[in-house]
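Beneath this line is the structure, given in structure tokens, with notes to follow.
Numbered from 1 within each chain, the chains take letters A, B, ... in sequence-line order.
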There are 2 protein chains.
Amino acid sequence: MSRRNRPGSGRITLGDVAEHVGVSKITVSRALRQPDKVADPLRQRILDAVDALGYIPNRQAGSLASARTHAIALLVPSLSNGVFSDVLRGVDDIVQDTGYQVLLGHSGYSLQEEEHLVSTYLGYGVEGFILPSGQHTDRTLSLLSRSGLPVVEIMGLSDTPIDMSVGLDHEKAGYSMTQALIEAGFQQIGFGGARMDYRARQRHQGWQRALREAGRRDDICMTTTRPSSFRFGGALLNDMMTRWPSLDALFMCNDDLAAGALFECQRRGILLPDDLALAGFNGMDITASTEPALTTVMTPRRTIGQEAARRLLARLEGDSSLSSSLDVGFEIAWRASTTRTRR
Amino acid sequence: MSRRNRPGSGRITLGDVAEHVGVSKITVSRALRQPDKVADPLRQRILDAVDALGYIPNRQAGSLASARTHAIALLVPSLSNGVFSDVLRGVDDIVQDTGYQVLLGHSGYSLQEEEHLVSTYLGYGVEGFILPSGQHTDRTLSLLSRSGLPVVEIMGLSDTPIDMSVGLDHEKAGYSMTQALIEAGFQQIGFGGARMDYRARQRHQGWQRALREAGRRDDICMTTTRPSSFRFGGALLNDMMTRWPSLDALFMCNDDLAAGALFECQRRGILLPDDLALAGFNGMDITASTEPALTTVMTPRRTIGQEAARRLLARLEGDSSLSSSLDVGFEIAWRASTTRTRR
DNA sequence: ATGAAAGCGCTAACAT
DNA sequence: ATGTTAGCGCTTTCAT
């Protein structure tokens, strides 16, 4: 067919299709991208040839020529954490069928790795970023700002946003849950945390503020920066019950820890909520299924993904009608793990 | 600085750096990619300029010129399923610091979407694929075979592998677990499933074969193709207990279902394992933490990711010393949920 | 409605 | 050790 014999990938190119049909490359390009600009019968012949030859456009070349990649980067701390897969689903909801492509990166909760990802994806020519609010390295900030690309920070709400922002106030959420526990009559309210990232620390601060404002002790707290797990939730429960036997409510900074603590209570015969009240954070599915069901703070993660993607795409399409900052709020799901039937 | 004013992305290019330093583009390129080929002092000046100007190489251009992307695609059915994030971690273990980049795609358990992803990533010029074994559309197969790229099928073991394969025999694993339950003395062993993908169906077949070989009834089974969840595990338990009150062991096709069923048992006062034995599949963390702990089939998912990546990279580097097919095996974690202390 | 020429930013191959 | 030339595969002008 083709008389050429390039050293390249050996793949079929636009030129091969053009040659096959007997038209110029640009006509094939048009037939694919702006079908109405090519006469019907010719376009059909071209599409047939594309199919017959198995032509797949080389995006590198396309992007290079057009200076557009139609790719956006979604950076998350972790992909094993269900919280972020929900966000991803939201982003997909919106990006699907827009012609944009989502490049996913996970930093493993490392700011250094996040910086590396930003740099890498800039090299890939992404047209915008969605990444967690909170801390970033100076270089991350400078890379983003130099790039001039739209950025949406998600999950939290930033006082000093890089650009746009979609999330909720974790300090306020931690405060609200703690206050709810206070109002429910619990006396010694502890806080347990793992993987204390930016937002987990904010929840902790909310817990502390609520206790202080109520004149309660705010020292019943154990946290670690190590990863969160069911197992560690159980360990945390044991350690805290040993150190503060009079503890009567425990607010865990995420649902995994809360569920792990719940399991440990079952194991030890600690009755929830009469011996101890237990609350989590995020409203993961598991919290609705355990026995007793776990009280938790519901966070609309899929909505966060959707609204973040919506804003990013709007900006890329030159639409600036959307607010650049959105508080998606939260809701406390008060369930059996904190509901005492008798005192 | 630069007197040019291109319509392009406005980004700093190799040429800008070269001009700034007063050398040719290729020297800058070398200084970055083959540092030892550029004299020390000059290289330092170049690196300084790169830093000062904030130059980030354009990968599209680089790939286009070199016909190499150093990118591989990892396709998984779902990213909310913890099973696959473990695989991803394994892949990362190996790919990290090799200069290769992992492009992640999730098909939502849709073969059509998988095909679309393969096509998309071929357009991105990936140099290899890691994807779930099992069914693929004809076009997926033809795209892959035409591409000539190395492919590793993971999770399951294929009779007719596309290329390479790393996983375990899910039929055998289902068989083994069922046989273990039979040997433990359980009489009416049911199977519950959701999201019945290729591998879940194999587990089901293993369950059935074990029962048939033992001359037991093999009709105590409820499955759905809808997504799996804790909630559905509970519903399944209820439905099955209603329909088959004499059921004394339930093998769930994954740990989420098993955990959901366990919670429902706690709710209904069904004692595990004396009233009912419960087993899951995968060995997710939760199984070790529940009360009682859940018997499950441990699958070395991180290893699968590692070995798959190892094989793919080896092939890309021209090394063919590794076996093209690897059975990573499985292990039954026999725990309290199936261990009767008395009969 | 279709085409020709030029060039995106980089690297391979071949100089020097 | 450094430079020159050509070209990757596509899209953007600007023609016709």
Residue [X], side-chain heavy atoms: nucleotide from [options] that is nearest:
X     : options               : value
A/K25 : C/dA12, C/dG9, D/dT11 : D/dT11
B/A65 : D/dT11, C/dC10, D/dT2 : C/dC10
A/R33 : C/dC8, D/dT12, C/dT11 : D/dT12
B/S29 : D/dT11, C/dT11, D/dT4 : C/dT11
A/T13 : D/dG9, D/dG3, C/dC10  : D/dG9
B/L64 : C/dT11, C/dT2, D/dC8  : D/dC8
A/A39 : C/dT2, D/dG9, C/dG3   : C/dT2
B/Y55 : C/dT2, C/dC10, D/dC10 : C/dC10
A/V38 : C/dT2, C/dG9, C/dA4   : C/dT2

(Q) Students often get this wrong, so: under 4.0 angstrom with heavy atoms, is A/R30 touching a base, only sugar-phosphate, or nothing? (A) base

Distance in angstrom units between [X] [atom1] and [N] [atom2], rounded:
X     : N      : atom1 : atom2 : answer
B/R45 : D/dA1  : CZ    : C1'   : 14 Å
A/Q34 : D/dT11 : CD    : P     : 9 Å
A/K37 : D/dT13 : NZ    : P     : 12 Å
B/I56 : C/dC10 : CD1   : C1'   : 16 Å
B/I26 : D/dG3  : CD1   : P     : 10 Å
B/E19 : D/dG3  : CD    : P     : 14 Å
A/R68 : C/dG7  : CZ    : C1'   : 19 Å
A/L32 : D/dG9  : CG    : P     : 16 Å

Q. Are any of the side-chain nitrogens in A/R195 or A/D197 under 4.0 Å away from the carboxylate oxygens of its partner?
A. no

**Q.** Electrostatic pair B/R89-B/D86, nearest N-O below 4.0 angstrom
**A.** yes

Q: Would you tell me if any nitrogen or oxygen in the side chain of B/T27 comes within less than 4.0 Å of OP1 or OP2 on D/dG3?
A: yes

Q: Sort out for me which residue in A/L103, A/V95, A/V126 forms a side chain to side chain contact (heavy atoms under 4.5 Å, CB included) with A/I72.
A: A/V95

Q. Any donor and acceptor pair, going by atom type alone, linking the side chain of A/E115 with main-chain N or O of A/H136 inside 3.5 Å?
A. no

Q) 5'-most contact on DNA chain D: B/R43 or A/A61, nearest heavy atom basis? A) B/R43

Q. How far does CD1 of B/I154 sit from CZ of B/R301, to the nearest 0.5 angstrom?
A. 12.0 Å

